[in-house]
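Below is one structure, written out as structure tokens; the observations come after it.
So you know, we letter chains A, B, ... as the sequences are listed, proteins then strands, and number each from 1.
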Amino acid sequence: MLDIRQFREDPEGIKTRLQTRGGESWQLVDEVLAQDERRRAGETEKQQLQSERNRLSKEIGGLKKQGQDTSELEATVRGISERIKTIGEEADAAEEAQTDLLLHIPNLPHAACPVGSDETANPVVREWGAKPEFAFEPKDHVEIGTRLDLFDFEAATRVSTGGFVVFTGVGARLERALIQFLLDLHTEFHGYTEVSPPHIIHRDCMVGTGQLPKFEDDMYSLEEGAFFLAPTAEVPVTNLYRETILKESDLPLKVTAYTPCFRREAGSAGRESRGLIRMHQFDKVELVNLVHPDESFAQLELLTAEAEAVLQRLGLHYRVIELCTGDLGFSSAKTYDLEVWAPGHGAWLEVSSCSNFVDYQARRMRLRFKDAEGHNRFCHTLNGSGTALPRLYVALLETFQQEDGSVKVPEALVPYLKRERIG
RNA sequence: GGUCAGGUGGCUGAGUGGUCGAAAGCACUUCUUUGCUAAAGAAGCGUGCCCCAAAAGGGUACCGAGGGUUCGAAUCCCUCCCUGACCGCCA
């Protein structure tokens, strides 16, 4: 959520920056200001009346003690109370409208964010490693995995529906090995604290990180929308600190979690969805940072490097791209995507998205810290996938496949998988 | 799921209709004293919003959440949520 004070001070600036995202959110700016004025006018009047009521009620108390008749005063106060109620309802309606608008307006892209309308305008920041070369025609992961009995899509439909998979045998063990490898890496080398959060989370959390109210259709909901299956650990982990005031010395707070992620992926059927690439349920290890506002952009660079370390240790070829204004996520001010090379597909796959949300999420969930002067300020929040598992899995199979159909296990994973070769 | 007991400031914990944003203690901050540590004393110490150009200041709301009763609610009533204990069920 953006700061209402910024709307009052520089509405045109907000509009201009929202316009770089595309979409029509900038058109809501004037409406926000109108509701804000309506709200404040109502609140001011209401509070004046409340003050009057408090004064007269005290007077009644005093008079009653002296045994005097107060019926006339009581009637006056009754009238005031009625007006408070009417005006209060008006002010509440304005506030609700204002909040609803603010919740639908995305974050402002960082001033240096490349302007563009879609992913074709995302600049490549750097590339690591080289495309692996093969003396044979590399197969794609579905073919490799099916041959090695690593996973089974058809069996999954017997217990669920399309968009789910069951990992089997060594394939299941590889999934588990990756989770372990990732958590160990981030806790032992990057200073993260590990948590294992609930996967069913209440609605307010989804509002806090920005999935709601706009993207409800993409989420699995329970109990008529009161609860949701977490679409990413970002939601439960960041919301662990909702409505809290941290000490400045607590920052930066770095938390990692492995969780399954649940997404309906409404409207994305058939899009880049072969095999493991786009699932309704997938595993992910997430990195969440709560940081001091002065440090968040530096922290984003570090966070991105921590996610990159995953791919480097596994020896996977990847590139880092920066999202342009038109491709930026709803809550984000700046985002780097990590794309790993999948030789079987001959395509780059997004395995991580590292974002700085500045104070946008913190404001929604009232996550603050007390600074040296004793003022409460909003933290900045960041998160990055560290990393998504299925696409990592795809890249591993396709990168390290051998001509005989087996897959060589990268050294970093051997201690976890306890074998050097699959198949 | 059932029964009972509870939810008050960072913590402990008073407060059952009026001057209570809320006693007291602990913790914390600053200052004074003391050679250091410790101890003692003094003051301060919640959050949101509104008014004010801002600061100062003032106002208002908040005692789990939301409604209600009342001139007036932390206090009475209703609904919901949560926590604890016991019972039932269960991985």
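- A:Arg39 has a side-chain polar atom (N or O) that falls below the 4.0 Å cut-off from OP1 or OP2 of B:C50.
- Checked options A:His380, A:Arg242, A:Glu234; the residue passing with A:Gln361 is A:Glu234 (criterion: side-chain hydrogen bond (donor to acceptor under 3.5 Å, both in side chains)).
- Distances shorter than 4.0 Å separate none of the side-chain N or O atoms of A:Ser81 from OP1 or OP2 on B:U70.
- Nucleotide B:G48 holds its P atom 19 Å from the CG atom of A:Asp92, rounded to whole Å.
- At a cut-off of 3.5 Å, with distance as the only test, no side-chain donor of A:Tyr393 or A:Asp283 sits close to an acceptor on the other residue.
- For B:U60, the OP1/OP2 oxygens have a side-chain nitrogen or oxygen of A:Ser51 closer than 4.0 Å.
- When the C1' atom is compared between B:G21 and B:C63, the two are found 9 Å apart, to the nearest whole Å.
- OP1 or OP2 of B:U47 lies within a sub-4.0 Å distance of a side-chain N or O belonging to A:Lys370.
- A close approach under 4.0 Å does not occur between any side-chain nitrogen or oxygen of A:Arg78 and OP1 or OP2 of B:U70.
- Comparing the same atom, P, in B:G7 and in B:A74 gives a spacing of 16 Å after rounding to whole Å.
- Here the C1' atom of nucleotide B:G18 and the CZ atom of A:Arg55 are 16 Å apart, to the nearest Å.
- Rounded to a whole Å, the CG atom of A:Asp69 is 13 Å from the P atom of B:C71.
- Taking the side chain of A:Gln47 as heavy atoms from C-beta on, and the options B:U19, B:G18, B:C49, the nearest nucleotide is B:C49.
- Rounded to the nearest Å, the gap between the P atom of B:G25 and that of B:C45 is 15 Å.
- One C1' atom belongs to B:A73, the other to B:C20, and the distance between them is 11 Å to the nearest Å.
- For the pair A:Arg264 and A:Phe215, the cation-pi test (distance below 6.0 Å, angle within 45°) is failed.
- Comparing B:G46 with B:U29, their C1' atoms sit 15 Å apart, to the nearest whole Å.
- The same atom, P, is picked in B:A39 and in B:A27; the two are 9 Å apart, to the nearest Å.
- Taking atom CD on A:Glu43 and atom P on B:C62, their separation rounds to 13 Å, with Å as the unit.
- A:Lys254 pairs in a side-chain hydrogen bond (donor to acceptor under 3.5 Å, both in side chains) with only one of the listed residues (A:His190, A:Glu306, A:His186), which is A:Glu306.
- Within the 4.0 angstrom heavy-atom criterion, only backbone atoms of the sugar-phosphate kind lie near A:Arg8; the bases stay farther away.
- Within the nucleic acid shown, A:Arg368 comes within 4.0 Å of sugar-phosphate atoms alone, with no base atom in reach, counting heavy atoms only.
- Nucleic acid contact class of A:Lys46 (heavy atoms, under 4.0 Å, all strands): none.
- To the nearest angstrom, P of B:C71 lies 11 Å from CD of A:Glu82.
- For A:Arg53, the listed nucleotide lying nearest its side chain is B:A61; candidates were B:U47, B:A61, B:C50.
- In terms of position on RNA chain B, the residue among A:Glu45 and A:Gly62 whose nearest nucleotide sits closer to the 5' end is A:Gly62.
- For the P atoms, the distance linking B:G1 with B:U19 amounts to 41 Å, nearest Å.
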*asked:* Checking A:Asn356 against A:Lys334 for the side chain to side chain donor-acceptor pair (under 3.5 Å) test, could you report, in this order, the C-alpha distance in whole Å, the side-chain angles of both residues, the deciding distance, and whether it holds?
replied: CA-CA 5 Å; A:Asn356 182 4; A:Lys334 176 168 179 163; over 6 Å; no

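- Distances were taken from every side-chain heavy atom of A:Ser57 (C-beta onward) to each of B:A61, B:C71, B:C49; the shortest belongs to B:C71.
- Look at A:Lys85 and you'll find a side-chain N or O under 4.0 angstrom from OP1 or OP2 of B:G68.
- Look at the C1' atom in both B:G9 and B:G64: the space between them is 14 Å, to the nearest Å.
- In a base pair of the Watson-Crick type (N1 to N3 plus N6-O4 or O6-N4) or a G-U wobble (N1-O2 and O6-N3), with each distance short of 3.5 Å, B:U34 is matched with no nucleotide.
- Taking atom CD1 of residue A:Ile60 and atom C1' of nucleotide B:G18, one finds them 10 Å apart after rounding to whole Å.
- For A:Asn54 and B:U60, the shortest distance from a side-chain N or O to OP1 or OP2 is below 4.0 Å.
- Side-chain contact of A:Glu265 with A:His280: a donor-acceptor pair under 3.5 Å is absent, judged by distance alone.
- A salt bridge links A:Glu52 to A:Arg55: one of the charged nitrogens lies within less than 4.0 Å of a carboxylate oxygen.
- Atom CG of A:Leu63 is separated from atom P of B:U19 by 15 Å (rounded to the nearest Å).
- In the set B:G48, B:U60, B:C71, the nucleotide with an atom closest to the side chain of A:Asn376 is B:G48.
- Here the P atom of nucleotide B:C71 and the CD atom of A:Glu52 are 17 Å apart, to the nearest Å.
- Note on A:Leu56: nothing from the nucleic acid sits closer than 4.0 angstrom, heavy atoms only.
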